[in-house]
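These notes concern the structure reproduced below.
In what follows, every heavy atom counts, from backbone to side chain, and hydrogens, waters and symmetry copies are set aside. Order of the sequence lines fixes the chain letters, A, B, ..., with proteins taken first and strands second; residue numbering starts at 1 for each chain.
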Number of protein chains: 2
Amino acid sequence: MTIREVSEKYGVSADTLRYYEKMGMIPPVTRNASGIRDYTAEDLRWVELAKCMRASGLSVEAMVQYVQLFQQGDETIPERLSLLLSQRAELLEKREKIDAALLWLERKIERYEAAAETGVLKWTDE
Amino acid sequence: MTIREVSEKYGVSADTLRYYEKMGMIPPVTRNASGIRDYTAEDLRWVELAKCMRASGLSVEAMVQYVQLFQQGDETIPERLSLLLSQRAELLEKREKIDAALLWLERKIERYEAAAETGVLKWTDE
DNA sequence: ATAAAACTTGGAGTAAACTCCAAGTCAATA
DNA sequence: TATTGACTTGGAGTTTACTCCAAGTTTTAT
């Protein structure tokens with residue numbers, strides 16, 4: 001699969017795909033005889049993973065660490081596990097912050113929906 | 001309340017507080033006779049809000065828009081409501097992406113916990 | 001009164017994550 | 001075979017959100 005096809009399939013620009021590879025966020029992609037990227041099914045799984053992790057807000061750096069450990073083989077299993085645990089903790093924290101903001105938004109939306117009918121807000125702040 | 005006190009109270013640097021104000025993410029802060037910031041309770045509520053929204057990942061830009069509408073008065077209530085609704089939608093989407101990544105992480109963590117006992121992974125990819 | 005600490009501004013610098021560009025190579029078609 | 005379009009690399013440029021700095025007030029403490 002060419003870089004263009006992968007780009008279209010996953011909605012990630014070719015530049016970004018090359019960037020992820022250069023940074024080590026995914027292992028080196030398979031190339032054909034003339035050095036052009038030819039993504040295998042395994043390469044695609046890494047792309048998918050990278051996309052999912054970035055979409056969630058995990059840093060490129062965190063993913064790079066994981067891939068580096070992965071490439072060092074089975075001795076790094078405990079380290080990889082602890083990395084995964086801390087990434088999970090990070091995402092759970094992110095979610096809590098989103099929930100706090102959502103709570104605030106919900107409260108405001110309720111008041112604004114009431115105000116949209118009368119045309120005036122019944123409270124003074126924010 | 002001085003900028004230093006606010007900074008300590010909320011764990012936001014004085015530079016960041018000035019930045020938020022300069023960008024219009026919070027309305028102009030109350031000043032004393034010599035032009036030095038003296039945060040009132042209302043100013044603090046804006047700071048708190050700004051902190052909460054930024055922590056959730058909402059852009060400075062989105063918050064600036066809200067404050068601008070707020071400062072224009074009651075005619076902007078419908079616009080403010082629709083802005084709040086789209087911000088909520090954005091946060092809900094963010095949370096779904098986090099949940100997707102968490103699902104993946106949980107799956108891996110399970111397998112790694114099993115592997116940590118044997119010292120070897122039972123699957124070949126990622 | 002005077003030094004030190006905290007404040008002011010405008011503007012420059014930084015980090016992360018892309019995004020774009022130039023100059024060249026490779027592949028497919030008329 | 002020639003030219004068009006996709007690919008390659010290294011490196012420069014961009015955006016967002018700070019973060020730091022310099023040069024100058026203001027406040028506080030001795």
Subject >> Within 6.0 Å of CD in E110(A), more than 12 heavy atoms from elsewhere >> reply: no
Original post:
Could you state the CE-C1' distance from M23(B) to dT16(D), rounded to the nearest angstrom?
Top reply: 11 Å
Subject >> V6(A) side chain reached by R37(A) side chain, heavy atoms, under 4.5 Å >> reply: no
**OP:** Check whether any side-chain nitrogen or oxygen of R37(A) sits under 4.0 Å from OP1 or OP2 of dC7(D), and answer yes or no.
**Re:** no
**OP:** Quick one: do Y20(A) and K51(A) satisfy side-chain contact (heavy atoms from CB on, under 4.5 Å)? Show the steps, please.
**Re:** CA-CA 10 Å; Y20(A) 284 172; K51(A) 190 196 167 178; 5.8 Å; no
Original post:
What do the steps show when you test E21(A) against L17(A) for side-chain contact (heavy atoms from CB on, under 4.5 Å), and what is the final call?
Top reply: CA-CA 6 Å; E21(A) 187 179 350; L17(A) 288 170; over 6 Å; no
**OP:** Look at the rings of W46(A) and Y66(A) and say which category their plane angle falls in: under 30° parallel, 30 to 60° tilted, over 60° perpendicular.
**Re:** tilted
Original post:
dA6(C) P sits how many Å from I3(B) CD1, rounded?
Top reply: 13 Å
Original post:
Could you give the CE-to-P distance, from M63(A) to dA17(C), as a whole number of Å?
Top reply: 13 Å
**OP:** Consider only side-chain heavy atoms of I, L, V, M, F, W and Y, link residues closer than 4.5 Å, and tell whether F70(B) and L58(B) are in one cluster.
**Re:** yes
**OP:** In whole angstrom, give the distance that lies between atom CZ of R4(A) and atom P of dT8(D).
**Re:** 11 Å
**OP:** Provide, to the nearest angstrom, the distance between the CD1 atom belonging to I26(A) and the P atom belonging to dA17(C).
**Re:** 15 Å
Subject >> Atom pair CG/CD of L44(A) and E5(A) - distance to nearest 0.5 Å >> reply: 10.0 Å
Subject >> Partners passing salt bridge (Lys or Arg N to Asp or Glu O under 4.0 Å) against R88(A) (at least two apart in sequence or in another chain) >> reply: E106(B)
Considering only nitrogen or oxygen atoms on both sides, find all protein atoms under 3.5 Å from nucleotides 27-29 of chain C and state each distance.
residue, atom, partner, partner atom, Å
dA27(C), OP1, S34(A), OG, 2.6

Original post:
Please give, in whole Å, the distance from dA17(D) P to L17(B) CG?
Top reply: 16 Å
Check nucleotides 18-21 of chain C for protein N or O atoms closer than 3.5 Å to its own N or O atoms and list the pairs.
residue, atom, partner, partner atom, Å
dC18(C), OP2, Y20(A), OH, 3.1
dC18(C), OP2, R54(A), NE, 2.6
dC18(C), OP2, R54(A), NH2, 3.3
dC20(C), N4, D15(A), OD1, 3.3

Subject >> For atom CD of E8(B) and atom C1' of dA6(C), their distance in whole Å >> reply: 12 Å
Original post:
Does dT9(C) have OP1 or OP2 sitting under 4.0 Å from an N or O in the side chain of R31(B)?
Top reply: yes
Subject >> Salt bridge present between E90(B) and K94(B) (N-O < 4.0 angstrom) >> reply: no
Subject >> Length of the NZ-P vector between K22(B) and dT9(C), whole Å >> reply: 9 Å
